[in-house]
There are 2 protein chains.
Amino acid sequence: MHDWREFDQNPVSHSAAHHLVAIAELLDAYGYARVSDVARELGITRGSVSVTLKGLKGRGLVTEDERRFLGLSEDGERIARGVMAKKQVLKALFVDLLGVPDEQADLDTCKIEHLVSDETASRASRALLFLRSGAREAEAFTEALREFGRAGDPAGFPSEEVEELAREIAREGEEAEEER
Amino acid sequence: MHDWREFDQNPVSHSAAHHLVAIAELLDAYGYARVSDVARELGITRGSVSVTLKGLKGRGLVTEDERRFLGLSEDGERIARGVMAKKQVLKALFVDLLGVPDEQADLDTCKIEHLVSDETASRASRALLFLRSGAREAEAFTEALREFGRAGDPAGFPSEEVEELAREIAREGEEAEEER
DNA sequence: TCAAGTTGTTTGGGTTGCCAAACAAAGCCC
DNA sequence: GGGCTTTGTTTGGCAACCCAAACAACTTGA
């Protein structure tokens, strides 16, 4: 079993990731970003942003010019774009493939965007590209899945059916474990 | 835009969720769970577990008998089972549908298991059940997706192709925004 | 130009969650 | 029975984050 605390062993924390993304989005939208703008975007105080960005500047992810306008270093830009891309890809996959309502998909992906590995994000991207390629198999699959979903039980999570599924998966996992 | 800090607005924190799951797994595996067992399972000190569980007992999620054996209340059990089911469903989906390597899927789902909404988990379950139903469309889809994946660019994440995809999704999102 | 608002920083406080270390209380072995 | 280990708790520290409040250094508008 892995150390479950790999959680906070990421290159950037959840908080830091959001600071970087906020700067990138502000730069995209308005062409500039200041401490106050970031604070407004994130819904926290200027003081908190000021302190956090001090750390990110120290780590070479965020830059600041003489007029206090913020920018992203190459590394910072890369991290921000990566997190943003992960969020968009995952959200689109949740909505288009799984049929999750837009609003809910947004909430979920916002929480997990910075935690998903590049590997998984990359695979998700492939699936999404395939889904959008208009391939016959993709169309047929989503169509059939919708139909399957409508026929399924409307109970909450986890329903009895899902509990059973989970137990089944767990059993399979144990068997695979034993084979080693 | 949502408050990104919905993150920590969950019924239980990441840490608490893992404590509950650890107790459930220990009970499943050995029939009992004590503070030390939980600590070993989570890879943290007994002191930390002792303090955390004091809180969870206070919130009525964890019980303790006169011989210091831990248990889960109905609520605690429900939360633990929910988190475990989410992890298994998501991991299986990542592996079976997206083609993520088992090990990596484990790491990823471990980080996000307690953050995914019931709604999304439920949809993911439907997709997984469909995938395992042996339906023709499901077989054809995974087959074609594998083929599509092999043909794709082997670059890291985010590749130029994925960046382009992300920009495209972002544009669609903005258009949907404007229509309101 | 000068009062009023905006901006960024600093400081003290609070929360969560971890550790290390020190203990007391059982449990176990000979 | 007397050591030795295991167990659970408590305590003091530390690191991330957040806030509120107080400041100084700007802009800016009439």
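In what follows, chains carry the letters A, B, and so on, assigned in the order in which the sequence lines appear, proteins first and then strands, with residues in each chain numbered from 1.
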* Annotated protein contacts, base or backbone, on nucleotides 4-9 of chain C with a non-hydrogen cut-off under 4.0 Å, one of B, S, - each -> ---BBB

* Structure fact -> Separation of C/dC18 atom C1' from B/Ile44 atom CD1, nearest Å, is 8 Å

* Rounded to the nearest Å, what distance is computed from the NE2 atom of residue B/His19 to the P atom of nucleotide C/dT16? -> 14 Å

* Asked: How would you list, by chain and number, every residue that makes a salt bridge (charged side-chain N to carboxylate O under 4.0 Å, His left out) with A/Arg167, sequence neighbours excluded?
  -> A/Glu160, A/Glu164

* Structure fact -> Here the pair of heavy atoms bringing B/Pro158 nearest to A/Gly82 is CG-CA, 4.1 Å

Counting only pairs under 3.5 Å, give me each side-chain donor-acceptor contact of residues 89-101 of chain B, with atom names and distances, residues two or more places apart or in other chains.
from: B/Lys91; atom 1: NZ; to: B/Asp102; atom 2: OD1; distance (Å): 3.3
from: B/Lys91; atom 1: NZ; to: B/Asp106; atom 2: OD1; distance (Å): 2.8

* Asked: Between B/Leu53 (CG) and D/dG8 (P), how many Å, whole number?
  -> 10 Å

* Asked: Going through the checks in order, is the salt bridge (charged side-chain N to carboxylate O under 4.0 Å, His left out) test met by B/Arg171 and B/Glu174?
  -> CA-CA 5 Å; B/Arg171 270 198 302 278; B/Glu174 279 163 28; over 6 Å; no

* Whole angstrom is fine here: how far is it from CZ in A/Arg59 over to P in D/dA15? => 15 Å

* Using whole Å, report how far CG of B/Leu42 lies from C1' of C/dC19. => 15 Å

* Would you indicate which nucleotide in D/dC17, C/dG17, C/dA20 comes nearest to any side-chain atom of B/Thr45? => C/dA20

* To do: Verify, without hydrogens or angle tests, whether B/Lys57 (side chain) and B/Glu64 (backbone) share a donor-acceptor contact under 3.5 angstrom.
  => no

* To do: Take atom CG of A/Asp65 and atom P of D/dC26, then tell me their distance rounded to the nearest Å.
  => 15 Å

* **Under-4.0 Å side-chain N/O to phosphate OP1/OP2 contact, B/Ser13 with C/dG17** => yes

* Is there a side-chain polar atom (N or O) of B/Ser15 under 4.0 Å from OP1 or OP2 of C/dC18? -> yes

* To do: In whole angstrom, give the distance that lies between atom CD of A/Glu66 and atom P of D/dC26.
  => 14 Å

* Check the pair B/Arg123 / B/Glu119 against salt bridge (charged side-chain N to carboxylate O under 4.0 Å, His left out), numbers first and verdict last. => CA-CA 6 Å; B/Arg123 303 275 182 174; B/Glu119 168 81 42; 2.8 Å; yes

